[in-house]
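Inspection log for the structure reproduced underneath, given as structure tokens.
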There are 2 protein chains.
Amino acid sequence: MYKIGELAQLCEIKTDTLRFYEKHGLLAPSSRTDAGYRIYTENDAARLRFILRAKAVGFTLNEITELLSIELDKSNWACADVKGLVDSKLEQVVARIAELNAFRSSLQNLSNACCGGPESAEHCSILDALETEQGLEKPLIKGVNHHNAIVKAER
Amino acid sequence: MYKIGELAQLCEIKTDTLRFYEKHGLLAPSSRTDAGYRIYTENDAARLRFILRAKAVGFTLNEITELLSIELDKSNWACADVKGLVDSKLEQVVARIAELNAFRSSLQNLSNACCGGPESAEHCSILDALETEQGLEKPLIKGVNHHNAIVKAER
DNA sequence: ATAAACCTTGGAGTTAAATCTAGGGTCAAG
DNA sequence: CTTGACCCTAGATTTAACTCCAAGGTTTAT
């Protein structure tokens, strides 16, 4: 059981943000005290952590609402519906991971091309690194890649 | 050589967005016609694609500006500086990939737990899936994971 | 029993990133 | 030589996601 300030501190956000999430239907406290103070349960906190993680990973609050709506009325959904919605989000996540991997390899190329010494960076070019990586990009975007996790990053 | 509308169409953004990027120092056309029309080169287009990819992957325009600033005055930077900046961005990207992988596995758990049939989704819970995945989360965050690329997602 | 530190609501302000509007030039096709 | 599809600038508006403020009620520690 947390008061709003306690939960906020626990999750390193502002109380204002919690009230904002409530107003927008993402997270309502399970109850109120007689005086009207919001009371959040451990379950509410878990939900909040889910929201924050989804946010950190680039989902908008609207998308998160959509994800959480599964939770709210799950007894009214068929299992197949839930699976469908989750799997479509899962696809988005997988696609985003692929994009990130492509981007990471862009940066990696630049880092690799750079000697790292004290001399001028005349020959270090983000765009050069980009160009040389362009052929590499497509296979990353399309299809699941079991071998592109994280490429060795040394030197 | 592209006029603003051509480049916009090529990259599926609005001309307004290109002018906006120019105003904010992310991408200026290499030249103008006598009439004042913006003229973008292939190099400008590559820079734009870099911007769009970075954006898709969750970087803010300010962060992207910082990344691109390397390009602008690279001759005034030491190679070590460039490498430092790039490597720190690289760390951010790797961290984000880790977060996304954790999130993906959350969703995967839910999908797996869900029978996918026509019956009520009473027992499919995003939060349940979250709980059971909580122990799994930390090893993903810390350290490079060569084997967490993308887990089989079928069924 | 009172001050400090909480909490409440309603509404205004902020920031990032566009997106739109108004009022005009430019250019190629018929 | 005009019409429609472009382009220009400057500035206003929008949207998401907070963040802050005012005016007041509640709790807690001294």
Side-chain angles (χ1 to χ4, degrees), chain A residues 1-41 44-45 47-69 89 92 96 99, chain B residues 1-41 44-45 47-69 89 92 96 99:
Chain A
M1 301 301 220
Y2 309 98
K3 279 191 289 183
I4 194 168
E6 292 163 354
L7 182 58
Q9 187 168 23
L10 193 67
C11 292
E12 299 176 286
I13 59 176
K14 303 246 164 98
T15 57
D16 278 330
T17 304
L18 281 169
R19 295 197 194 92
F20 175 82
Y21 286 170
E22 182 175 354
K23 186 155 62 184
H24 289 75
L26 277 96
L27 176 67
S30 289
S31 59
R32 297 273 186 139
T33 67
D34 288 352
Y37 284 24
R38 290 167 177 81
I39 297 296
Y40 296 91
T41 64
D44 296 335
R47 188 180 169 103
L48 176 58
R49 280 188 293 266
F50 180 87
I51 292 168
L52 296 178
R53 200 136 59 94
K55 231 175 57 62
V57 126
F59 283 99
T60 65
L61 297 192
N62 279 344
E63 290 170 324
I64 296 170
T65 301
E66 194 183 341
L67 266 169
L68 288 170
S69 73
K89 286 295 171 193
Q92 284 178 35
R96 207 173 297 219
E99 276 182 303
Chain B
M1 301 301 219
Y2 310 96
K3 279 190 289 182
I4 194 168
E6 291 162 355
L7 183 57
Q9 187 167 22
L10 194 66
C11 292
E12 298 175 288
I13 58 175
K14 302 247 161 98
T15 57
D16 279 330
T17 304
L18 281 168
R19 295 197 195 92
F20 175 81
Y21 286 170
E22 182 175 356
K23 186 157 60 184
H24 289 75
L26 277 95
L27 176 66
S30 290
S31 60
R32 296 273 187 140
T33 67
D34 287 352
Y37 285 23
R38 290 167 179 81
I39 297 295
Y40 296 91
T41 65
D44 296 335
R47 188 180 170 103
L48 176 58
R49 279 188 294 265
F50 180 87
I51 292 168
L52 295 178
R53 201 136 59 97
K55 230 175 56 62
V57 125
F59 283 99
T60 66
L61 296 191
N62 278 345
E63 289 171 324
I64 296 169
T65 301
E66 193 183 343
L67 266 169
L68 287 170
S69 74
K89 287 295 171 194
Q92 284 178 36
R96 205 174 299 220
E99 278 183 302

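What you see below is based on every heavy atom in this structure, not just the backbone, and it leaves out hydrogens, waters and symmetry mates. The structure presented is a predicted model; accordingly, all values stated were derived computationally and were not measured.
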Problem - Under the ring-ring contact (aromatic ring centres under 6.0 Å, His included) test, residues paired with Tyr21(B) that sit two or more places apart - result: none

Practice task
Rounded to the nearest 0.5 Å, what's the gap from CZ on Arg47(A) to CG on Leu68(A)? Could you check?
Solution key: 4.5 Å

Kindly list each side-chain donor-acceptor pair under 3.5 angstrom involving residues 1-18 of chain B, sequence neighbours excluded, with atom names and distances?
| from | atom 1 | to | atom 2 | distance (Å) |
| --- | --- | --- | --- | --- |
| Tyr2(B) | OH | Glu42(B) | OE1 | 2.6 |
| Glu6(B) | OE1 | Lys3(B) | N | 2.8 |
| Asp16(B) | OD1 | Arg19(B) | NH1 | 3.3 |

Fill in the blank from the handout: Taking dT9(C), dC7(D), dC7(C) as options, the one with an atom nearest any side-chain atom of Thr15(B) is dC7(D)

Fill in the blank from the handout: Out of dC8(D), dT8(C), dT19(C), minimum distance to the side chain of Lys14(B) belongs to dT19(C)

Fill in the blank from the handout: B/S/- along nucleotides 22-27 of chain C (protein heavy atoms under 4.0 Å) is ---BBS

Practice task
Sugar-phosphate means primed atoms, P, OP1 and OP2; the rest is base. With that split, encode nucleotides 10-17 of chain D 5' to 3' as B, S or - using protein heavy atoms under 4.0 Å.
Solution key: ------SB

Please tabulate, for the side chains in residues 25-33 of chain B, all donor-acceptor contacts under 3.5 angstrom to protein atoms that are two or more places apart in sequence or on a different chain.
| from | atom 1 | to | atom 2 | distance (Å) |
| --- | --- | --- | --- | --- |
| Ser30(B) | OG | Asp44(B) | OD1 | 3.0 |
| Ser30(B) | OG | Asp44(B) | OD2 | 2.8 |
| Arg32(B) | NH1 | Gly36(B) | O | 2.8 |
| Arg32(B) | NH2 | Glu22(B) | OE2 | 3.3 |
| Thr33(B) | OG1 | Ala35(B) | N | 3.3 |
| Thr33(B) | OG1 | Gly36(B) | N | 3.4 |
| Thr33(B) | OG1 | Tyr37(B) | N | 3.0 |

Problem - Arg96(A) charged N/C atom sitting above Phe59(A) aromatic ring, 6.0 Å / 45° - result: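 Satisfied, under 6.0 Å and within 45°.
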
Hey, does the side chain of [X] come within less than 4.0 Å of [N]'s phosphate (OP1/OP2), counting only N and O?
X	N	value
Thr17(B)	dA17(C)	no
Arg38(A)	dC7(C)	no
Arg32(B)	dT9(D)	yes

Completion exercise
Within residues 5-13 of chain B, those residues having any heavy atom closer than 4.0 Å to DNA chain C are none

Problem - Min side-chain heavy-atom separation Leu61(B)-His24(B) under 4.5 Å - result: no

Distance check needed: [N] [atom2] versus [X] [atom1], whole Å only.
X	N	atom1	atom2	result
Leu27(A)	dC18(D)	CG	C1'	16 Å
Ile4(A)	dA5(C)	CD1	C1'	15 Å
Leu18(B)	dC8(D)	CG	C1'	14 Å
Glu22(A)	dG10(C)	CD	C1'	14 Å

